[in-house]
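Chain letters run A, B, ... following the sequence lines, proteins first, then strands; residues in each count from 1. Hydrogens, waters and symmetry mates play no part in the numbers below; they use all other heavy atoms, side chains included.
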Amino acid sequence: MRRVTLPPASPPPAPWRVVVPLPVPALDYVPPHGRGGAVPVGCRVLVPWRGELAVALVVGEGDPHGAHRLREAVHVLDDEEEPWVPPATVEAVCTWARDARLPAGLVWGDLLGAGWTARYDHRVRAVPGADLSAFGRRAPTGEWASARDFSPALLDAVREQGLLEEDFRPTSRTRGLVRARPLDAVPAAARTTTVLQADPEAPGTLTPKGRQAWAWLAEQGPQPTLSAWARGAGVGTGVVSGVVSAGGAEHVEVEAAPPAAWTWLSEHGPVESLSAWANGATADGVPLSPTGAGSLVARGWADAVQEAAPPPPLPEPGAPWLTHDPDRLPEAAAWRLHGGRSLSRFRTLAPRISRLLAQGRGVLVLAPDHATLRRAWEGLSGLAETAGTRAVPISGALSDGQREHAWNLIRSEEARLVIGSYLALTASLPDPALIVVLEEASDAYKLAAGSHAFIPDVAARVAQAHDAALALVGSAPAAESVPLPGAVLPPPRARVHVVDYANPPEQPELGPLSGVHLTPGDLGYPVSHDLARLLRQVQERGRQAALLAPRRGYSALLRCPTCEHTPQCRNCDVALRFHQETRQLTCHQCGYRESVPDRCDVCGEQMWKARGPGTEWIAQTVEKLAPGLPVYRYDRDRQDDLAPLHAGESGVVVGTQLLLSQDAPPNLALIGVTLADTWLNLSDFRASERYHRLLRQLAEWHPERAPLLVVQTFQADHPALKVLVEGRDALAYPAAEERVRAALGYPPHARLAQVEVAARDPVRAKVAAQEVFDALHGAGAHAHEVLGPAPSPVARLRGVYPYHLLLRARDDARLSQLLATLDRSWKARVRVDVNPRGGL
DNA sequence: AGCACGCCGACT
DNA sequence: GTCGGCGTGCTC
């Protein structure tokens with residue numbers, strides 16, 4: 001192809017460093033042609049990416065003399081004066097990503113809550129005087145035309161030569177419908193792609209497998225990629241590339257079959273939004289990402305009906321309220337507020353938030369889950385109107401369009417109170433004065449996939465970067481928050497009754513533990529006689545009860561009564577959970593399921609014994625103990641409609657912790673924790689703190705009343721339980737826990753990171769883990785700074801054998817120093833999880 | 001992530 | 001020689 005010499009640019013502008021929402025590091029692009037000036041940090045840009053255009057975020061200046069031949073960014077989407085993300089936030093998040101040794105794209109893909117799906121009208125033409133006929137008949141001419149009329153790959157080739165002029169106009173997001181275009185209205189360009197096509201004659205030099213692959217391709221028709229062909233033909237990629245080099249197949253431009261997602265949309269009719277399309281199609285087994293949906297619209301496979309739609313409505317804020325309470329909260333850079341009930345905490349917080357909003361500053365409130373977010377919205381959003389601004393929510397519950405609309409309200413300073421999930425953390429709040437993290441100890445802040453970010457850590461960095469205060473507010477503080485200055489509200493009235501499975505009170509006639517081994521059955525198991533009696537009282541008085549089971553399903557495992565064999569997952573080293581309703585055994589780690597075997601694999605016994613009651617088991621027991629009392633279930637497997645309970649009807653709901661995401665039933669008189677010990681048996685140093693917080697949250701679940709809290713346990717003396725029984729405040733237990741952590745050198749007296757070394761081969765994993773250990777020591781790590789390596793608690797997980805090392809450093813800087821040692825290649829997959837939670 | 005490439009061991 | 005599995009590197 002012809003090379004075109006561009007006029008010499010002088011001096012060469014500094015490249016821009018940008019991130020795309022993929023697990024790759026930040027990459028450099030040259031600024032768009034003719035654009036000088038400062039680097040637009042925090043603005044979104046369109047960049048060429050794998051032959052198409054992708055939305056990227058500018059995070060800084062690139063390497064001025066990088067070795068790479070850089071491509072040009074194509075278009076800047078946001079005004080430099082009003083960046084999509086505040087530059088200080090960009091800096092804070094990028095620093096956090098660097099410290100955590102994570103590719104910046106992975107982190108931004110998780111943390112940028114809106115804006116990846118930009119919508120624009122894209123027009124192109126040939127640079128005046130350029131002749132693009134070398135690119136084929138369907139190349140742009142000197143006349144402006146919609147980019148849809150050309151194939152993305154062709155446009156990219158022209159763009160790379162510097163022969164394309166492009167014009168972008170933002171199109172307003174519509175509330176209307178996304179509709180599949182009739183096939184004859186789809187631009188011709190969209191219907192052509194480059195594919196691998198079999199030559200009519202197979203070359204004589206093909207190997208047997210090569211011949212098989214050629215025959216498959218000749219019969220099945222062209223394939224989009226080498227891998228797709230290899231997968232389909234059932235051969236390795238080596239074979240198919242062999243066929244190509246032997247001349248048995250070649251890349252050709254052909255009419256493309258309509259994408260599966262287009263077929264889906266044609267069949268299912270118009271949908272509300274791009275994300276509705278993506279979700280619907282994916283749910284039906286047709287993979288489609290929101291970005292993929294956007295790209296199909298851009299290429300002309302579907303239309304987003306353009307109506308001058310008003311911005312999508314956001315939830316109504318609460319009624320305006322004015323507080324006359326004095327502000328008793330600390331003025332420190334970071335402080336805490338715990339105890340009381342959520343309403344009293346919001347009342348205490350209100351004077352501070354009102355004052356800051358009235359000063360024209362911004363306030364961001366983060367919640368870990370839907371339930372907390374809803375309560376915060378109800379409790380705090382009304383403050384905005386009184387202070388002359390607006391409140392907006394940002395969370396996954398909003399559609400893309402609503403989130404983007406809310407984001408723009410924040411960006412334009414129309415809304416200065418933001419209440420949201422972690423997706424709100426990077427919102428462009430000008431001049432934030434306070435970031436409130438609600439329930440800072442919640443595990444829901446730990447992102448389950450991708451970056452594994454722990455949001456309060458990132459929030460602290462963002463607050464610091466903006467010189468804003470960080471407030472940690474919740475039912476009970478994390479041990480990490482204890483050293484901060486703060487306030488503790490008096491605990492709500494709590495009535496606690498402990499059923500002590502280890503020490504049944506009566507039966508003195510047997511003598512002091514005279515060789516009698518009491519089984520839990522003596523007290524009633526899994527529902528104690530006490531709890532059963534209380535449930536019958538609830539029934540007689542027409543009240544309501546909630547029982548918390550430690551797990552979903554029927555039982556933790558099945559065991560053969562003859563040989564003690566327990567069915568295990570075939571991918572993981574754990575027992576399969578028994579689900580009676582579906583008569584299936586399920587792995588709660590990887591989702592593997594099988595039906596219950598008729599007989600024991602080992603000895604042939606035909607009976608199974610269930611151990612470790614779950615929600616199904618508890619629900620059945622309650623039905624037996626209190627016949628006629630309506631029983632509802634609420635866990636990940638089954639979410640019964642709780643409307644009758646919320647309408648005040650009598651009944652009992654059996655669930656897992658998921659229950660706390662719902663409002664408490666209004667007539668709730670009894671809460672039972674059927675086996676508290678499960679929360680303590682986890683091999684995690686935060687287990688008891690989590691247990692304590694669960695009890696506190698149960699105690700304040702009902703907004704006004706204090707239902708009787710019955711705790712069945714083998715550890716009735718556990719201090720996390722005792723502080724509630726004794727009516728002590730929310731700080732008492734975490735403060736004791738914090739002293740224990742000091743003695744052991746755990747957070748907040750150290751910063752932890754878990755290094756996971758995993759491979760399909762257990763020996764390889766073990767050896768690599770040892771190499772990581774040696775490398776850390778070689779780099780000067782002290783003995784107390786590196787623990788392990790040890791096989792993961794679940795020795796085999798999804799088919800790989802993970803080994804764990806725990807790094808324990810005095811502060812972030814030292815941790816970052818230790819992690820720098822890992823920046824090289826290893827003989828196994830090495831992943832870092834900074835501030836890990838659970839499974840330690 | 002998704003893709004292509006290349007090394008290596010197994011097998012003929 | 002042939003084949004496939006698996007690890008590695010790349011996307012600007």
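Not one side-chain nitrogen or oxygen of A:Thr237 sits closer than 4.0 Å to the OP1 or OP2 atom of C:dG4.
Atom OH of A:Tyr120 and atom CG of A:Asp167 lie 12.5 Å apart (nearest 0.5 Å). Atom CH2 of residue A:Trp108 and atom CH2 of residue A:Trp116 lie 8.0 Å apart, to the nearest 0.5 angstrom. One distance of note links CG of A:Leu111 with CG of A:Leu425; it measures 6.5 Å at 0.5 Å rounding. Between A:Ile455 atom CD1 and A:Asp110 atom CG the span is 7.5 Å, to the nearest 0.5 Å.
Residue A:Leu70 contributes atom CG, which lies 13 Å from atom C1' of C:dT11 at whole-angstrom precision. For the pair A:Leu53 CG and C:dC12 C1', the interatomic distance rounds to 14 Å; values are reported in whole Å. One can place CD of A:Glu160 at 8 Å from P of C:dC12, the figure rounded to the nearest angstrom. At whole-Å resolution of the value, CH2 in A:Trp214 and P in C:dT2 are 19 Å apart. In this structure, A:Leu46 atom CG and C:dC12 atom C1' are separated by 15 Å, rounded to whole Å. Look at CD on A:Glu52: it is 18 Å from P on C:dT11, rounded to the nearest Å.
Of the possible polar contacts, one joining the A:Lys446 side chain to the A:His452 backbone as a donor-acceptor pair under 3.5 Å is found.
Residue contacts for A:Leu226: at a heavy-atom cut-off of 4.0 Å it reaches the sugar-phosphate backbone alone, with no base atom in range. Residue A:Val24 is classed as a base contact, given a heavy-atom separation below 4.0 Å to a base. Across all strands shown, A:Pro15 has no heavy atoms under 4.0 Å from either base or sugar-phosphate atoms. Using a 4.0 Å heavy-atom criterion, one finds that A:Val18 contacts no nucleic acid atom at all.
Residues A:Glu160 and A:Arg69 are paired through a salt bridge, judged by an N-O separation under 4.0 Å between the basic side chain and the carboxylate.
In this structure, A:Arg123 forms no cation-pi arrangement with A:Phe168, as its terminal cationic atom is not both closer than 6.0 Å to the ring centre and no more than 45° off the ring axis.
On the nucleic acid side, DNA chain B contacts chain A at distances under 4.0 Å to non-hydrogen atoms, with the end points of that region at B:dA1 to B:dC5.
Side-chain proximity of A:Arg71 to C:dG4, C:dT11, C:dC12: nearest is C:dC12.
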